[in-house]
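Encoded as structure tokens, the structure appears first; notes follow it.
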Amino acid sequence: MPEGHTVHRMARLQQRWFGEAPVAVSSPQGRFAADAALVDGRVLERTDAHGKHLFQHYGLDLVVHVHLGLYGRFPNRRLPLLPPRGQIRMRMVGGTHFADLSGPSACELLTDVGVKALRSRLGADPLRPDADPDEAWARISRSRAPLATLLMDQSVIAGVGNVFRAEALFRCRLPPQLPGRELGRQRWEHLWADLTAMLRDGERRGKIETLGPEHDPAQLAPPDRGSVCASVVYVYRRAGQACLVCGTPIARATHLARNLFRCPTCQAG
């Protein structure tokens, strides 16, 4: 599933290629046709993101909300326009680019009140300027749940997925099963700062690279198909390979039906 950095980058690029100009919006698949007709030809006033949610603002009470889910794709391509390929839920056409949305878990038209209600259910997003880490800390510091659960809870921290969870816990030398209430304020501030830095770097690059300058990417095994966009990393999808810090084989476990990667030595607690 695309993590928060991907959706923020998408919002930024859509603002660049489509923003502040009329946009032709359609639904070749047909499932979004009625709502697409309401925004077709309108000016895309702005785009923004909160966690893994994308919002396109076309005017008062006209906000297209997109969540890519596990299989969604929403690439921007330069004109000329190509025929739709596959099940295209929404197509945007601007002056120089077009974008086809396929496979989202959500593509809907919301009112401003609906957007506010949705965002109220989301936690602090490290990539948003209005993020309040104290809100997340208030939840974490009272929770018996392990960090592995809390970091993936979008109502606690919005935008963190499996890759950033694994890498942040490793870089901060935190055991994934450590209860939130045992984390401590100082380690929380370090964790928040590290998540923010990694997400910002991922948004800028368009991919996830978490190695520090002291570690050589050449030491890593060639990425498998599932880690192409997150191959220069410490632990994610590196089960059985040597930890770049201590040499211990990286361990993999299942936590709430998701793979969880860690170094048994560096993250022993």
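These numbers were taken from a predicted model, which means no experiment stands behind them.
L109 is not listed as a side-chain neighbour of V63, based on a closest heavy-atom distance of 4.5 Å or more. Using a 4.5 Å heavy-atom threshold, the side chains of K207 and V232 count as separate. Side chains of P84 and R91 form a contact here, defined as non-hydrogen atoms less than 4.5 Å apart. Looking at R181 and R142, their side chains never come closer than 4.5 Å, going by heavy atoms from C-beta outward. L199 places none of its side-chain heavy atoms less than 4.5 Å from the side chain of E203. For the pair V64 and D35, the minimum side-chain heavy-atom distance is 4.5 Å or more. Within the 4.5 Å cutoff, the side chain of V235 has no heavy atoms near those of the R262 side chain. Between M10 and R12 there is no side-chain heavy-atom pair separated by less than 4.5 Å.
Other residues, nucleotides and ligands place more than 12 heavy atoms under 6.0 Å from the CD atom of E214. Environment of CZ in R185: crowded, with over 12 heavy atoms of neighbouring residues, nucleotides or ligands closer than 6.0 Å. More than 12 heavy atoms of other residues, nucleotides or ligands shown are found within 6.0 angstrom of CD on Q219. Taking a 6.0 Å sphere around CZ of R73, one finds it holds 12 or fewer heavy atoms contributed by other residues, nucleotides or ligands.
Between the Q15 side chain and the L44 main chain, no donor and acceptor come within less than 3.5 Å of each other. Between the side chain of R9 and the main chain of L13, no donor-acceptor pair closer than 3.5 Å is present. Within the 3.5 Å criterion, the main-chain N or O of G19 finds no donor-acceptor partner in the side chain of Q14. Panel note: side chain S143, backbone R139; no donor-acceptor pair is recorded below 3.5 Å. Put simply, the side chain of N162 gets close to the backbone of N259: a donor and an acceptor are under 3.5 Å apart. Counting only distance, with no hydrogens or angles, the side chain of T47 and the backbone of A11 share a donor-acceptor pair below 3.5 Å. Here the side chain of H57 pairs no donor or acceptor atom with the backbone of G59 at under 3.5 angstrom. Counting only distance, with no hydrogens or angles, the side chain of Q87 and the backbone of S102 share no donor-acceptor pair below 3.5 Å. Although no hydrogens or angles enter the test, the distance criterion places a donor-acceptor pair under 3.5 Å between the side chain of T111 and the main chain of G114.
No chain of hydrophobic side-chain contacts below 4.5 Å, direct or via other Ile, Leu, Val, Met, Phe, Trp or Tyr residues, connects F55 to M90. By the criterion of side-chain heavy atoms lying less than 4.5 angstrom apart, applied directly or through intervening Ile, Leu, Val, Met, Phe, Trp or Tyr residues, L110 is not grouped with V7; the two fall into different hydrophobic clusters. By the criterion of side-chain heavy atoms lying less than 4.5 angstrom apart, applied directly or through intervening Ile, Leu, Val, Met, Phe, Trp or Tyr residues, L81 is not grouped with V25; the two fall into different hydrophobic clusters. Connection of L62 to L118 is not established within any shared hydrophobic cluster, with ILVMFWY side chains joined at heavy-atom distances below 4.5 Å, either directly or through further cluster members. Tracing side-chain contacts under 4.5 Å through hydrophobic residues (I, L, V, M, F, W, Y), one never reaches I88 starting from F98; they form parts of separate clusters.
Taking CG from D40 and OH from Y58, the interatomic distance works out to 9.5 Å, rounded to the nearest 0.5 Å. From L150, atom CG reaches atom CD1 of I140 across 5.5 Å, with rounding to the nearest 0.5 Å. Atom CZ of R77 sits about 14.5 Å away from atom CH2 of W17, to the nearest 0.5 Å. Between the OG atom of S27 and the CG atom of L101 there is a distance of 9.0 Å, given to the nearest 0.5 Å. To the nearest 0.5 angstrom, T6 atom OG1 is 11.5 Å from L54 atom CG. Between the CG atom of L38 and the CG atom of D61 there is a distance of 11.5 Å, given to the nearest 0.5 Å.
Closest of all the heavy-atom pairs between F18 and N76 is CE1-OD1, 3.5 Å. Here the closest heavy-atom approach between residue Q267 and residue P176 is recorded as NE2-CD, 3.9 Å. C246 approaches T265 most closely through the heavy-atom pair SG-CB, 3.7 Å. Between R31 and R89, the shortest heavy-atom contact is NH1-NH2, 3.3 Å. In plain terms, the two heavy atoms of A158 and L122 that are nearest each other are CB-CB, 4.3 Å. G123 and H50 make their closest contact through O-NE2, 2.9 Å (heavy atoms, listed as atom of the first residue, atom of the second, distance).
Between D201 and R205, at least one side-chain N (NZ, or NE/NH1/NH2) sits under 4.0 Å from a carboxylate O, which counts as a salt bridge. With salt bridges taken as basic N to acidic carboxylate O contacts below 4.0 Å, one links R128 and D48. Look at R187 and E189 and you find no salt bridge, because none of the NZ, NE, NH1 or NH2 atoms lies under 4.0 Å from a carboxylate O.
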Starting from the C-alpha separation in whole Å, work towards a yes-or-no answer on side chain to side chain contact (heavy atoms under 4.5 Å, CB included) for L211 and V233. CA-CA 6 Å; L211 296 194; V233 292; 5.6 Å; no

CA sep, side-chain torsions, deciding dist, call: C263, V245, side chain to side chain contact (heavy atoms under 4.5 Å, CB included): CA-CA 9 Å; C263 173; V245 175; over 6 Å; no

Candidate pair V93 and L79, rule side chain to side chain contact (heavy atoms under 4.5 Å, CB included), full reasoning: CA-CA 9 Å; V93 183; L79 294 175; 4.2 Å; yes

Walk me through it: do R252 and L260 pass the test side chain to side chain contact (heavy atoms under 4.5 Å, CB included)? CA-CA 6 Å; R252 180 183 67 84; L260 176 63; over 6 Å; no

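For the residue pair D125/H8, the side-chain donor-acceptor check at 3.5 Å is satisfied. Looking at E108 and H65, their side chains do bring a donor and an acceptor atom within 3.5 Å of each other.
Sorted by first and then second residue, the ring pair (Phe, Tyr, Trp, His ring centres under 6.0 Å) pairs with a member in residues 192-218 read W188-W192, H215-Y234; sequence neighbours excluded.
Each of R165, R171, R173, R200 was scored for a salt bridge (charged side-chain N to carboxylate O under 4.0 Å, His left out) with D194, with one residue passing: R171.
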